Asks: 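Take this structure first; my questions come after.
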Number of protein chains: 2
Amino acid sequence: MKGYDKYAFEPFAVTVDLAVLTIRAGRLQVLLVERGQEPYAGRWALPGGFVLPDESAETAARRELAEETGLADVSGLHLEQLRTYSEPDRDPRMRVVSVAYTALLPDAPEPRGGGDAARARWLPYDGAGPLAFDHDRILADAHDRIGAKLEYTCLATAFCPPEFTLGELQLVYETVWGTELDRPNFRRKVLATSGFVEAVPGAARLTGGRGKPAALYRAGPATALHPPLLRPSREGRSS
Amino acid sequence: MKGYDKYAFEPFAVTVDLAVLTIRAGRLQVLLVERGQEPYAGRWALPGGFVLPDESAETAARRELAEETGLADVSGLHLEQLRTYSEPDRDPRMRVVSVAYTALLPDAPEPRGGGDAARARWLPYDGAGPLAFDHDRILADAHDRIGAKLEYTCLATAFCPPEFTLGELQLVYETVWGTELDRPNFRRKVLATSGFVEAVPGAARLTGGRGKPAALYRAGPATALHPPLLRPSREGRSS
DNA sequence: CTTTTTATAGTCCTACTGACCATTAAGAAG
DNA sequence: CTTCTTAATGGTCAGTAGGACTATAAAAAG
């Protein structure tokens with residue numbers, strides 16, 4: 001940051017890449033676009049695009065998110081900067097520095113190719129195959145980040161519609177972590193954390209479920225979980 | 001990432017900014033350089049510089065770290081990407097996208113102006129005053145990140161020399177968090193976390209301390225803390 | 001030798017959590 | 001209508017982690 005004039009600097013292209021995650025059919029799914037040209041023609045890639053001259057990366061990410069998902073209103077969606085990927089050879093054509101973002105969606109409308117994406121669709125996170133560029137790495141980083149943030153933040157509600165049952169919330173944890181959780185314990189923990197969820201007064205979800213109808217909850221005002229909701233047995237416990 | 005040729009894109013300058021933190025005299029301190037020219041002439045700023053054409057941002061950050069600190073070997077230091085700042089008006093001269101990194105140092109040699117930094121020195125984190133550009137924000141983000149990572153990673157050892165006492169390790173937590181911790185409890189917790197620290201067989205620190213000499217420890221192979229070491233009373237506890 | 005200082009060891013009690021079991025309320029099957 | 005199944009909800013119980021606190025050990029300072 002000192003003495004620009006004394007430096008020669010290369011101009012870089014700056015892009016954003018989006019790891020858009022949702023839960024469909026009990027599986028973690030990713031929004032991907034099919035590349036129509038070289039390099040990596042025919043391969044799936046994360047949606048993204050250039051940051052325009054008067055945009056911040058955040059603004060560009062939200063614009064791309066709207067274009068790729070076709071959603072009218074993306075202002076309420078969770079969008080979070082992941083990290084920046086800047087290896088000199090990550091794009092064979094030119095020097096591209098990419099700021100990656102992760103977005104979480106509750107429901108999952110099939111994307112209409114709103115932007116200029118050749119073909120966009122949801123694919124399961126497992127078996128999304130080798131992606132173009134370094135997008136496998138970006139996607140894995142996004143998964144790691146989300147899995148970790150579920151432990152100590154209220155992020156899980158970002159995967160849920162405005163009103164949801166505790167079973168749906170638990171499914172978020174189980175799907176992202178790939179583990180099963182004890183339902184009564186999960187329930188006790190979530191309800192004991194003030195501000196995580198709020199009961200919707202007289203509502204219950206009656207939509208075709210077979211068992212007892214579940215009570216509905218809304219996301220509460222809290223953002224952090226204290227104490228955290230740790231995933232079971234990541235490595236050897238202490239003591 | 002699709003159809004570069006169909007897009008016009010603006011070239012951006014890409015820089016790295018470094019929030020280099022250490023603990024000196026029981027206080028959290030930051031490495032800052034004094035700006036010699038407009039804008040923000042005379043103000044303190046985070047060290048940093050342009051990413052060169054054949055470098056990744058990580059490589060550039062490590063190069064700048066070596067230049068600014070004057071340390072011969074920075075390969076062992078903890079260097080971690082923080083996030084990227086890309087507001088269009090963050091530098092009044094031109095469009096600059098900056099990838100911010102946080103580095104942690106154990107001891108703190110006074111920086112010799114190795115690079116072209118007009119004047120570089122350690123300043124206390126509190127009272128580092130308003131910095132140039134958006135560097136106050138970057139520095140605050142770095143502090144938040146480090147404070148959070150102390151809870152669930154073994155990062156604290158990055159602030160310590162190769163061999164350290166548990167008292168020194170506790171001082172890291174207390175300094176970054178700005179809280180006091182109970183010494184026996186901290187000790188019990190750290191020693192119960194396998195892989196956090198390893199005892200150095202027959203060593204004790206005798207350097208002028210007044211009380212009982214403390215045993216020495218090394219950083220262990222673990223990187224994560226399970227269960228985490230939560231800082232006291234951030235907000236209202238649950239239940 | 002006594003005091004001070006710091007490290008280390010141990011105790012007690014509460015809260016959180018994992019592993020269970022029981023009950024309730026719906027639909028499905030007979 | 002009764003019974004079975006399914007899922008939500010309510011509860012128990014023991015093990016454990018962690019906060020508060022006391023006690024002992026080993027050095028320097030007086």
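Because the structure is predicted, anything quoted here is derived from the model rather than measured. Residue numbers begin at 1 in each chain, while the letters A, B, ... track the order of the sequences. Excluded from the calculations below are hydrogen atoms, water molecules and symmetry mates; all remaining heavy atoms, backbone and side chain alike, are included.
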Asks: May I have the distance from A:Leu230 (atom CG) to C:dA15 (atom C1'), rounded to whole angstrom?
Replies: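 That distance rounds to 15 Å.
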Asks: Between D:dA8 atom C1' and A:Leu169 atom CG, what is the distance in whole Å?
Replies: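 Those two atoms, CG and C1', are 15 Å apart.
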Asks: What is the separation between atom CG on B:Leu166 and atom C1' on C:dT8, rounded to the nearest whole Å?
Replies: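 That distance rounds to 10 Å.
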Asks: Within a strict 4.5 Å, meaning less than it, do heavy atoms of the A:Ser86 and B:Val99 side chains meet?
Replies: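 Not touching, per the 4.5 Å side-chain cut-off.
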Asks: Determine: side-chain N/O of B:Lys212 to OP1/OP2 of C:dT8, distance under 4.0 Å, yes or no.
Replies: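 For C:dT8, OP1/OP2 do not have a side-chain N/O of B:Lys212 under 4.0 Å.
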Asks: Separation of B:Glu168 atom CD from C:dA7 atom C1', in whole Å?
Replies: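 Taking CD of B:Glu168 and C1' of C:dA7, I get 13 Å after rounding.
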Asks: Testing B:Asp134, B:Asp17, B:Thr84 one by one against B:Ser98 for a side chain to side chain donor-acceptor pair (under 3.5 Å), which residue passes?
Replies: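 Filter result, single survivor: B:Asp17.
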Asks: The side chain of B:Asn185 lies closest to which of these nucleotides: C:dA7, D:dG19, D:dA27?
Replies: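 The closest nucleotide is D:dG19.
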Asks: Please check the phosphate of C:dA7 (OP1 and OP2 only) for any side-chain N or O of B:Arg183 closer than 4.0 Å.
Replies: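 Yes.
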Asks: Nearest whole Å is fine: how far is D:dA25 P from B:Arg187 CZ?
Replies: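 That distance rounds to 15 Å.
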Asks: Rounded off to whole Å, could you give me the CG-to-P distance for the B:Leu229 and D:dA17 pair?
Replies: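 Answer to the nearest Å: 13 Å.
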Asks: Salt-bridge test for A:Asp141 and A:Arg137: reply yes if a basic N is under 4.0 Å from a carboxylate O, no otherwise.
Replies: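 Yes.
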Asks: From the options C:dC21, D:dA26, C:dT8, select the nucleotide whose nearest atom is closest to the side chain of B:Pro184.
Replies: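 When the side chain of B:Pro184 is considered, C:dT8 is the closest of C:dC21, D:dA26, C:dT8.
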Asks: Hey, does the side chain of B:Arg210 come within less than 4.0 Å of C:dT6's phosphate (OP1/OP2), counting only N and O?
Replies: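 For C:dT6, OP1/OP2 do have a side-chain N/O of B:Arg210 under 4.0 Å.
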Asks: I want to confirm an ordering. Mapping A:Asp182 and A:Gly211 to their closest nucleotides on DNA chain D, which one lands closer to the 5' end?
Replies: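 Of the two residues, A:Gly211 wins.
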Asks: So, OP1 or OP2 of C:dC16: does either fall under 4.0 Å of a side-chain N or O from A:Arg188?
Replies: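 No, no such contact exists.
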Asks: Could you state the CG-C1' distance from A:Leu181 to D:dA8, rounded to the nearest angstrom?
Replies: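 It works out to 16 Å between those atoms.
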Asks: Between C:dG10 atom C1' and B:Leu191 atom CG, what is the distance in whole Å?
Replies: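 In whole Å, C:dG10 C1' lies 14 Å from B:Leu191 CG.
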Asks: Taking the side chain as every heavy atom from C-beta outward, state whether B:Val30 and B:Leu123 have any pair of such atoms under 4.5 Å apart.
Replies: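 A side-chain contact is absent here, since even the closest heavy-atom pair is not under 4.5 Å.
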Asks: Can you tell me how the ring of B:Tyr173 sits relative to the ring of B:Phe186, calling it parallel under 30°, perpendicular over 60° and tilted otherwise?
Replies: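 Ring orientation of B:Tyr173 relative to B:Phe186: perpendicular.
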